[in-house]
Each structure stands twice: as C-alpha cells, then as structure tokens.
Trainee: 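Have a look at this one before I ask anything.
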Amino acid sequence: MHQFLVPNMTCGGCLGSITRSLQKLDPQAEIEGNPQTRSIKVASAKTQAQLLAALSDAGYPAQTLPQQDT
Ligand SMILES: [Cu+2]
C-alpha cells in the first residue's frame, strides 16, 4: 500500500483522472482517494517511483506519505 499527498487533487473529477492514470500503468491497481485531504491510497505491485511518475505525467505531482503496515 502506497500513500501519497496530491496537492492538485481538488475534486472528485481529479480523483477520477488520477484513478484512470494509475490504472493505465497497472490495471490491477486499487485507488482510494479523498479530495478533502488531497490524499490517495494505492494498492499496486508497481514501485513507488513508477506510481509517482504516472501521477506527475497526469498533471498531479505527488508527495509520499509514510507507508502503512498493511
Ligand atoms: Cu478536480
């Protein structure tokens, strides 16, 4: 599980774009996001660097948050 802070994610539409971008990278990815806190959780086998690159390419550069244990 990866957690990111995405400052540009301001509404559900942004979350939809982010979800599509990450699922293009990894069709199995599961994304949960909260536009209020501008944070997303991503369950994916891709590396953090790959996810960050996909987010940046989509126009949503992200910062990492501490990883959860599960
Ligand atoms: Cu938006």
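Starting from 1, each residue takes its place in the sequence as its number.
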Trainee: Would you say M9 and L15 make side-chain contact, with heavy atoms under 4.5 Å?
Mentor: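 Result yes, sub-4.5 Å side-chain heavy-atom pair found.
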Trainee: Taking L5's backbone N and O only, do any of them form a donor-acceptor pair with R38's side chain (distance below 3.5 Å, no angle check)?
Mentor: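 Side chain of R38 to backbone of L5: no pair is present.
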Trainee: Hey, does K41 have a side-chain heavy atom less than 4.5 Å from the side chain of H2?
Mentor: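 Answer no - side chains too far apart.
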Trainee: Would you check if the side chain of S56 reaches a backbone N or O of L52 as a donor-acceptor pair within less than 3.5 Å?
Mentor: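 Here the side-chain-to-backbone pair does not exist.
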Trainee: Who are the side chain to side chain donor-acceptor pair (under 3.5 Å) partners of S39, not counting sequence neighbours?
Mentor: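 Listed in chain order: T37.
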Trainee: Side chains of residues 22-31: which donor-acceptor partners sit under 3.5 Å, not counting sequence neighbours?
Mentor:
| residue | atom | partner | partner atom | Å |
| --- | --- | --- | --- | --- |
| Q23 | NE2 | A29 | O | 3.1 |
| D26 | OD1 | Q28 | N | 2.9 |
| D26 | OD2 | S44 | OG | 2.6 |

Trainee: If you measure from CD1 on I18 to CG on L51, what distance do you get to the nearest 0.5 Å?
Mentor: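 Nearest 0.5 Å value for the CD1-CG distance: 12.0 Å.
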Trainee: For residues 58-65, tabulate all N or O donor-acceptor pairs below 3.5 Å that involve a side-chain atom, not counting sequence neighbours.
Mentor:
none

